[in-house]
Amino acid sequence: MTVTGAAATRGGAGRRPGGEEPTGTRPFSPFEWMLSLRYLRARRKEGFISVIAGFSFLGIMLGVATLIIVMAVMNGFRQELLGKILGLNGHVLVQPLESPLTDYAAVAERISKLNGIRLAVPLVEGQALASSPFGASGVLVRGLAEKDLRQLPSISHNIRQGTLENFDQGQGIAIGKRLADQLSLHAGDNITLVAPRGAVTPMGTSPRIKVYKIAAVFEIGMSEYDSAFVFMPLPEAQAYFNRNGDVNAIEVYLANPDDVGELRAAIQSAAERPVYLVDWRVRNATFFNALQVERNVMFLILTLIVLVAALNIVSGLIMLVKDKGHDIAILRTMGATKGAIMRVFLITGASIGVVGTLSGLLLGVIVCLNIEHIRQFISWLTATELFSPELYYLSRLPAEMNFGETTTVVVMALALSLLATLYPSWRAARLDPVEALRYE
C-alpha cells in the first residue's frame, strides 16, 4: 500500500459509502459506552428526561420484585396446603364394595407391601358434636390404631400438649389446638362427644353421648384441620359408631404422591376384593385447579407492570433522541456510523432495563426470605391481622422461590427492556444530519 493510500485510509476513519459499519470496527466501543452513560446523567435542562428514566427504572424494579414475590407466595401456599392436606389425608382412599370391610387388616397388610407404598391405614370416620362447659363445635372423628397415628408426621410431630403413649389402651382422644382453644380445654380435661346415631331402642335411634379424656392436643398449622379433627383409638371408634368389626375405608400413603396413577392398578389387585379407589387428585381437584388458575392470572396481570415500565423506556428514549438531534447530526458529520448511533441509544435504554431487573431480583429475593417477619411487622404496625388463618387455612405466610419461574421473570423483563429500546435507537440511527442542522 502506498503512503497516499494509507493516509487516505486513516483519514476516512474506516467508513464505507453511506455511513455503513466497516468490517474491522469493534461494536460497543468505549466511546459508545461513555456517550450512553453520559446521556443517562442528564443535565438540569434535561431533568424531565432524567425523571422519566428514573420512573422507568423504578417501574421495572418493582414489577420484577412483585412478580417474584407473588409467584413465590403462590408456590409456597400451594406446597404448604398440599403437604398438610396430603399429610393428614391419604393419597388413595380404598372403600369397600358389595360387603363391609371386615378383612381390613389383611387388605391393609397386602397393600402396604407394594413398592412405592409408605403406609396403609384402616380407619373409622364419623361426625359428632364436641362440647364442653364453654361451648360446642361440630367435629370429624377418626378412629386409628396408635401405630398408624404415630406414622403420620403431621400429627405425631406436632403434639403441643399431652402424649400419644398408650393411646390404644385408654379411652383418651387427640384434638386440634384451635378446637381446644375454642372450647377452653387442655390435655387431661374431659370433652363430651355426641353422635347422632347411637343405641337403637323401641322408640327409635337415640344419640350417643360419651365423655372422653383429652390425651393429646396437636397443631398441624392448618386452621380447618386444627379446629375440626378428633382422633380416637380404632376399637373405641368402632364401638362408638356401631361398626360391627369393620372400618369405613383404608387410606393409602405413597412415597411419591405423583405416582398415584401408576399404582392404582396394583392397589386394586392387592386388595383381592371389590373396592372403589379415589385418589388425592380427584378429592382436591377443584381446590388445586382454582389455585393454578389464580396463579396464572396473577402472572399475566403483574407482567403488565413490567410492560408499562418498558413503555416508559420507549417514551424516555424518544424524547432523548429529539433532544439530542443536534448532537447526533454533529456526530454523524464527524464520522460516526448509523450502527454506532443505534448502539449508543441501545446501551442507554438497556442499562435502565438491566439495572432495574437486577435490582428487582435482589429486592424480590430479600422479601421472599423474610416474608413472615415482614408480615408480622406490618401486622404489628397497623394493628391488623394481614394473613388470617380462618381465611387462608395456614397459620404463617409461606414463600417458596422456584428457580425456573424466577429465571423466566428475569429473562422476560430483560427481553421487554431490550425490545423497548429498538424503535427509538432505530429512529436515532436514521436521523438525517442535513435536516437536523438545516436551521442551525
Side-chain angles (χ1 to χ4, degrees), residues 75-97 101-125 140-159 163-165 167-168 174 176 216 218-222 224-226 228-235 237-238 246-285 287-288 393-394 398 400:
N75 282 337
F77 191 68
R78 183 181 185 277
Q79 291 299 325
E80 285 283 324
L81 286 177
L82 188 63
K84 293 183 185 300
I85 290 174
L86 298 186
L88 191 61
N89 298 295
H91 303 136
V92 180
L93 187 67
V94 181
Q95 298 174 313
L97 292 176
L101 198 55
T102 54
D103 56 341
Y104 60 87
V107 174
E109 184 178 359
R110 289 195 296 268
I111 293 176
S112 63
K113 290 180 179 179
L114 295 173
N115 290 330
I117 303 298
R118 183 172 63 85
L119 184 64
V121 180
L123 63 86
V124 170
E125 190 173 80
L140 185 66
V141 180
R142 283 189 169 183
L144 276 74
E146 180 183 342
K147 64 179 181 63
D148 294 330
L149 190 58
R150 287 186 176 278
Q151 294 187 69
L152 299 181
S154 57
I155 301 296
S156 59
H157 293 175
N158 292 292
I159 300 297
T163 178
L164 294 177
E165 292 293 334
F167 187 73
D168 276 347
F218 61 85
E219 184 179 17
I220 299 175
M222 189 170 177
E224 185 180 12
Y225 291 166
D226 288 337
F229 273 70
V230 170
F231 293 93
M232 68 168 52
L234 181 59
Q238 289 175 320
D246 69 321
V247 298
N248 293 83
I250 297 175
E251 285 200 329
V252 181
Y253 295 81
L254 311 183
N256 183 0
D258 293 328
D259 293 340
V260 63
E262 304 170 7
L263 290 171
R264 281 182 65 98
I267 295 172
Q268 188 103 30
S269 176
E272 297 182 5
R273 56 160 294 149
V275 291
Y276 177 68
L277 304 183
V278 183
D279 64 61
W280 68 271
R281 298 172 304 181
V282 176
R283 296 166 74 182
N284 304 286
F287 183 73
F288 287 111
Y393 301 111
L394 300 177
E400 183 175 327

Nearest heavy-atom pair of [X] and [Y]: which atoms, and what distance?
X	Y	answer
R283	G90	NH1-O, 3.3 Å
V107	R273	CG2-CD, 4.1 Å
D168	P233	OD1-CB, 4.0 Å
A237	G143	CB-CA, 3.5 Å
A271	R110	O-NH2, 2.8 Å
Q95	A249	CG-CB, 4.1 Å

Is a side-chain donor or acceptor of [X] paired with a backbone partner of [Y] at a separation under 3.5 angstrom?
X	Y	value
R150	L164	yes
R142	E125	no
E146	E165	no
S269	A265	no
N158	F218	no
Q238	D246	yes
D279	V282	yes
S112	E109	yes

Exercise for review: Assess whether side chain to side chain contact (heavy atoms under 4.5 Å, CB included) is satisfied between V94 and I267, documenting all intermediate values.
Suggested key: CA-CA 9 Å; V94 181; I267 295 172; 4.0 Å; yes

To the closest 0.5 Å, what do you measure between [atom1] ([X]) and [atom2] ([Y])?
X	Y	atom1	atom2	answer
L93	Y276	CG	OH	9.5 Å
I117	L263	CD1	CG	5.0 Å
L149	M232	CG	CE	12.5 Å
L114	L254	CG	CG	10.0 Å
I155	F229	CD1	CZ	8.5 Å

Check your understanding: Under 4.5 Å between any side-chain heavy atoms of L97 and V275, yes or no?
Key -> no

Exercise for review: Using a 4.5 Å cut-off on heavy atoms from C-beta on, say whether the side chain of L277 contacts that of V252.
Suggested key: no

Review point. For the side-chain contact (heavy atoms from CB on, under 4.5 Å) test, which of V92, L119, L123 pairs with E251?
Key: L123

Exercise for review: Could you give me the CA-CA distance, side-chain angles and deciding distance for L234 and L144, then say whether side chain to side chain contact (heavy atoms under 4.5 Å, CB included) is met?
Suggested key: CA-CA 5 Å; L234 181 59; L144 276 74; 5.7 Å; no

Check your understanding: Do D148 and Y253 have side-chain atoms, one donor and one acceptor, less than 3.5 Å apart?
Key -> no

Exercise for review: Given side chain to side chain contact (heavy atoms under 4.5 Å, CB included), test Y225 with N89 step by step and report yes or no.
Suggested key: CA-CA 11 Å; Y225 291 166; N89 298 295; 2.8 Å; yes

